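Notes for the one structure printed next.
Order of the sequence lines sets the chain letters (A, B, ...), proteins ahead of strands, with each chain counted from 1. Since the model is a prediction, treat every value here as computed from it, not as a measurement.
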Protein chains: 2
Amino acid sequence: MTITDVARHAKVSRQTVSNVINAPELVREGTRRRVLESIEALGYRASQAARQMRTGRSRLIATRIEPAEDGINGTIHDRFLHGLTESAAGFGYRVLLYTAHDDQSEIAAVDDLLAAYEPDAFVLTGTHHGDVRTAWLAERRLPFVTFGRPWSMPEGPSHPWVDVDGAAGTAAATRHLLDTGHRRIGFIGWPTGSGVGDDRRAGWARTLAAAGVDPAGLDRTTDDGVATGEKAAGDLLDADRPATALLCASDSLALGASHAALSRGGGWRADGGGGTPIAVIGFDDTSVARATGLTSVSQPLSEAAACCVALLARILDGDEASAGEDGSATTRVLLQPSLVRRQSA
Amino acid sequence: MTITDVARHAKVSRQTVSNVINAPELVREGTRRRVLESIEALGYRASQAARQMRTGRSRLIATRIEPAEDGINGTIHDRFLHGLTESAAGFGYRVLLYTAHDDQSEIAAVDDLLAAYEPDAFVLTGTHHGDVRTAWLAERRLPFVTFGRPWSMPEGPSHPWVDVDGAAGTAAATRHLLDTGHRRIGFIGWPTGSGVGDDRRAGWARTLAAAGVDPAGLDRTTDDGVATGEKAAGDLLDADRPATALLCASDSLALGASHAALSRGGGWRADGGGGTPIAVIGFDDTSVARATGLTSVSQPLSEAAACCVALLARILDGDEASAGEDGSATTRVLLQPSLVRRQSA
DNA sequence: TTGAAAGCGCTAACAT
DNA sequence: ATGTTAGCGCTTTCAA
């Protein structure tokens with residue numbers, strides 16, 4: 001089933017069929033309809049390989065699939081990937097997967113892919129300080145978008161990115177806790193330097209400051225995990241001036257925190273028990289949060305994925321009309337997360 | 001960077017370079033080394049598109065990415081996908097994604113993909129009774145493997161598949177509970193007819209039978225979910241002859257069950273409280289199980305993915321030598337799950 | 001063992 | 001508005 005078959009069926013030349021597909025305005029109405037009917041009748045679809053040879057475009061977007069590392073937080077990558085695949089299809093692109101375990105091996109994987117499959121663009125996730133991947137891609141003038149801000153851009157021209165405003169998320173969560181009457185709102189986050197983590201902490205800190213609450217002794221730093229979260233929460237709850245609410249940088253930490261609250265008789269699951277229950281809020285709205293009734297900050301992942309694809313489509317399919325003055329005006333998207341309220345806060 | 005550049009660099013004809021890559025035994029040692037050096041030096045890799053035009057092989061494996069539906073159990077698909085991508089790369093294949101929301105739309109997606117990208121094979125997940133996808137693919141003689149048994153094959157020739165022996169998993173879990181002294185071991189599973197669910201229930205039932213334990217009043221059927229699991233577990237725990245252990249068809253159900261146990265003071269998290277704690281075991285060893293200390297039956301997902309790829313590679317790269325008498329001897333793989341013991345049982 | 005010729009299906013440039 | 005020509009990079013004959 002080739003373009004020649006269609007041409008024969010529609011009694012036109014091969015080229016006319018090609019024109020109907022790629023430059024319909026060049027073909028007379030009647031001819032076009034006849035060709036389209038033939039295409040329909042024969043169920044023809046252009047071979048991507050042949051097309052790629054000619055045009056140099058593969059209509060493939062490559063992205064890395066992560067090992068679902070930590071388990072709880074890994075699930076968000078899954079949702080992002082699904083959104084990406086769906087949105088890409090809408091623009092006539094397909095998603096090609098590769099694996100890697102660090103920046104360097106990802107560069108190697110990208111290089112490999114490039115030579116063989118020539119993906120038109122890349123979507124990078126998990127940007128971090130000192131990310132060498134973006135520079136590598138930028139140097140080679142390869143089209144790409146990151147899901148995640150460039151956390152350490154030494155000035156210079158940036159690249160297109162989509163991200164979720166984590167600080168706004170924790171700020172909203174903190175505000176909610178303040179509104180519920182809490183003053184001693186603890187924060188359990190990751191060690192300084194992680195970009196994402198610092199951002200989330202910042203939203204909490206600035207909201208507390210704006211409300212005139214002293215954050216002294218309310219900030220805890222720990223690696224991600226349920227056990228570490230439980231320990232840090234224990235710290236905050238057993239302090240001289242104990243926290244009454246715990247905001248966490250991840251659902252893993254929050255799950256641990258709610259265990260700590262529970263074992264001290266102040267958890268939201270400990271029905272009754274006297275006094276206001278200890279509030280706990282997580283981040284990412286993972287399956288665990290949904291399943292356990294944990295209030296959590298939710299990232300609009302499908303939307304983020306859709307933005308990534310839209311950005312790429314604009315770059316690749318060169319919609320000149322929408323390019324800003326400097327061409328970079330709308331290549332940065334910061335999406336707002338939302339607080340999903342459940343039983344825990 | 002084409003094969004011509006390499007030929008020039010190595011001072012041989014284009015064809016010889018191609019032979020070095022595709023039929024090394026035809027090329028004299030010295031020439032081959034020289035060509036390989038040129039390939040290395042230039043960083044050449046064959047264009048997949050051009051190769052595909054000639055050979056009709058895309059070295060692409062297509063699979064569906066699911067919407068991470070239920071949340072908790074969806075994460076296993078993620079892990080499978082990662083394994084698939086990694087294993088495929090080992091055989092020189094890449095994984096191409098598509099989405100669909102039911103059998104019919106999946107067939108449409110596959111059909112679409114086929115015409116444009118010509119993937120060499122498909123990996124189908126989530127087989128079920130009355131699955132129309134496999135028949136569709138088989139009719140067209142398209143290479144594919146399913147992760148999941150054909151649950152309703154009306155005799156006839158089957159297709160290659162890889163699955164995990166769910167019954168063996170629940171059997172092992174039941175045996176473990178029996179060994180720990182439990183006799184009243186309840187099972188909370190999905191409504192009859194789901195293949196996977198029936199299988200898991202069967203392992204429990206036959207192990208109880210083998211131990212001479214009467215299963216009367218110990219079997220509960222409910223849709224998947226945390227809330228439904230909690231309710232069913234409540235039923236079993238509040239019965240005249242209450243269950244002392246709860247085996248569940250999923251981690252979602254198990255999570256609900258452990259909540260029920262907890263609220264009745266018999267949960268494994270209720271330290272002390274007198275008497276043996278109520279044991280709970282889940283299925284799939286998801287992040288939730290890991291995070292909450294839930295004992296769960298673990299599926300070897302990377303291995304399953306590796307088997308899928310290996311099966312496909314054998315079919316596609318036609319390793320005649322390893323083909324059995326009837327060619328189907330080793331196209332069905334049933335992997336054994338393992339019980340991951342944690343605090344809950 | 002190596003090289004030359006042909007052609008996979010498509011589209012960009014040019015000719016009609 | 002439609003048709004003709006050429007060639008993308010590769011591999012499969014076939015010839016040397």
Report yes or no: does [X] contribute a side-chain atom to a donor-acceptor pair with the main-chain N or O of [Y] at less than 3.5 Å?
{"X": "B:T127", "Y": "B:R149", "answer": "yes"}
{"X": "B:R54", "Y": "B:A50", "answer": "no"}
{"X": "B:T99", "Y": "A:E86", "answer": "no"}

Reported CG-to-CG distance for the pair A:D120 and A:L142, which is rounded to 0.5 angstrom: 11.0 Å

Measure [atom1]/[X] against [atom2]/[N] and give the value in whole Å, please.
{"X": "B:L26", "N": "D:dT12", "atom1": "CG", "atom2": "P", "value": "11 Å"}
{"X": "A:E25", "N": "D:dA1", "atom1": "CD", "atom2": "P", "value": "10 Å"}
{"X": "B:Q52", "N": "D:dC8", "atom1": "CD", "atom2": "P", "value": "19 Å"}
{"X": "A:K11", "N": "D:dG3", "atom1": "NZ", "atom2": "C1'", "value": "17 Å"}

Bend angle of the helix from C:dT1-D:dA16 to C:dT16-D:dA1, end axes from five pairs each (to 10°): 40°

Polar side chain donor-acceptor pair, B:T16 to B:N19, under 3.5 angstrom: no

Any side-chain donor near an acceptor of the partner, B:Y117 and A:R45, under 3.5 Å: no

Sidechain N-carboxylate O distance under 4.0 Å for A:R59, A:D317: yes

Side-chain N,O (B:T16) to OP1/OP2 (C:dG3) below 4.0 Å: yes

Where protein sits on nucleotides 9-16 of chain C, one letter per nucleotide: B base, S sugar-phosphate only, - none, heavy atoms under 4.0 Å: BBBBB---

Aromatic plane relationship, A:Y98 with A:F122 - under 30° parallel, 30 to 60° tilted, over 60° perpendicular: perpendicular

A:F147 vs A:Q299 side-chain heavy atoms within contact, under 4.5 Å: yes

Interface residues of residues 28-35 of chain A with DNA chain C (non-hydrogen, below 4.0 angstrom): none

